[in-house]
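Both ligands and their constituent atoms are indexed starting at 1 by order of listing.
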Amino acid sequence: MTSPVARINLSALRHNLDRVKEVATGCRVIAAIKANGYGHGLVEVARALAGADAFAVARVEEALQLRHAGFDGQIMVLEGFNSLPELLLCRDSDLDLVIHDRFQLQLLDKLPAGASPLRLWVKIDTGMHRIGLQTGEAEAVISRLRGYEDVRLVGVMTHFANADDRQNDYTRQQLEAFIPFIDPELEVSIANSAGILGWPDSHKGWVRPGIMLYGTSPFPDSVAGDEGLEPVMTLRTRLIAVRHLHKGDSIGYGSTWTCPEDMPVGVAAIGYGDGYPRHAPSGTPVLVNGQRAALAGRVSMDMITLDLRAISNPRVGDSVVLWGEGLPAEEIARAAGTITYELFCRLTGRVKYRYEE
Ligand SMILES: *Cc1c(COP(=O)(O)O)cnc(C)c1O
């Protein structure tokens, strides 16, 4: 078959979890598996990461998918609940919920008594300014939560805005703003991947790694290997044509690339309809039979065109790696003006997934 295949290396996933534990010694791990396990497959990733202490997802629906698949451990819903029916569903499913807005207290007021207490984390906005209680209002909310009978206040958490910049003092300021909320009676959670790898002072309580589990660096100036990580996804397809074009022939939509000499040009079966980024420019690397070649001309919906001058004896059916083993996804993300998170999440249903040990 010539459909693109994403090979998911489950041992690499586990290696990266071990790397989290090695760097953030003594911390417990909430593995972020939102957005379909960063595009790697929610349930398969959760199964492979059984060694994590808890999972984090963005939405209630994702948590319910995990429950339906049989996961009965701790699951944190990062965006919390936004309606009473949702709140009831969460309690029935025993989810850890995030309180990030006073609006949610009104819903708690309406919550009928239940069999088990609701488990809540309070999210404090120390500078990300996306969701979270402002530092000035958080104390009042925390004491109000302590007054509810059916509520168990589990912990306090915050999230970094600039931790991927190791020189940026903003992270230090966020850490300082969070210190007053650290309470020996409550759990604490601060660090994402960039915090884990770049900011040892954020290694407290529960760390929340996402992207590093999938084996790419959270920093703009390093790749997986520099951080002791192994790439998990290798995206692959095949050559469906090898052409011999002439000097001056232009390739693809908009005729944006012109052959500088008589040369071999390959066509590979992948395009933006599979999630390969359309903004990847000519020159973006791919591996053909393990050797580096480069995009030549625009990415189409189902195909890309490749400058094969550096490839010895290319043929139809040859393997083409878009990113993963031997070709860091970080490099492709940079070329396409995005981040690996987005490359992974945007793969479409046309890509086949293969899980391997
Ligand atoms: C997604 C997410 C994480 C994980 O972030 P990475 O950069 O992928 O490590 C941690 N915390 C919160 C609140 C998140 O939304």
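Under 4.0 Å from ligand 1, heavy atoms of Arg208 appear from its side chain as well as its backbone. The proximity of Ser193 to ligand 1, defined as any non-hydrogen pair under 4.0 Å, involves the side chain as well as the backbone. Here Leu78 has side-chain heavy atoms under 4.0 Å from ligand 1, and that is the only part of it that gets that close. With a heavy-atom cut-off of 4.0 Å, Met157 does not touch ligand 1 at all.
Residues Ser189 and Arg208 bring a donor and an acceptor atom of their side chains to less than 3.5 Å of each other.
A parallel orientation is assigned to the rings of Tyr276 and Trp323, their planes being inclined by less than 30° (bins at 30° and 60°). Using the six-membered ring where Trp is involved, Tyr353 and Tyr355 have ring planes that are parallel, under 30° apart on the 30 and 60° scheme.
Taking CG from Leu118 and CG from Leu153, the interatomic distance works out to 11.0 Å, rounded to the nearest 0.5 Å.
Atom numbering of ligand 1 starts at 1 in the shown order; those under 4.0 Å from a heavy atom of Lys123 are 13 (C). With ligand atoms numbered from 1 in the order given, ligand 1 contributes 1 (C), 4 (C), 5 (O), 6 (P), 8 (O) to contacts under 4.0 Å with heavy atoms of Tyr38. Per-residue contacts place Gly210 under 4.0 angstrom from the following atoms of ligand 1 (heavy atoms of the residue considered): 4 (C), 6 (P), 8 (O), 9 (O).
A search for side chain to side chain contact (heavy atoms under 4.5 Å, CB included) contacts involving Arg28 returns Asp53, Glu187, Trp206, not counting sequence neighbours.
Under a 4.0 Å heavy-atom criterion, Pro209 is in contact with ligand 1.
Protein heavy atom in closest approach to atom 7 (O) of ligand 1: Tyr341 OH, 2.7 Å. Of all protein heavy atoms, the one lying nearest to atom 2 (C) of ligand 1 is Lys34 NZ, 2.4 Å.
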Worked verdict on Thr234 versus Glu325 for side chain to side chain donor-acceptor pair (under 3.5 Å): CA-CA 6 Å; Thr234 298; Glu325 249 168 60; 4.5 Å; no

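Contact annotation: the side chain of Phe55 approaches that of Leu49 to within less than 4.5 Å [non-hydrogen atoms, C-beta and beyond].
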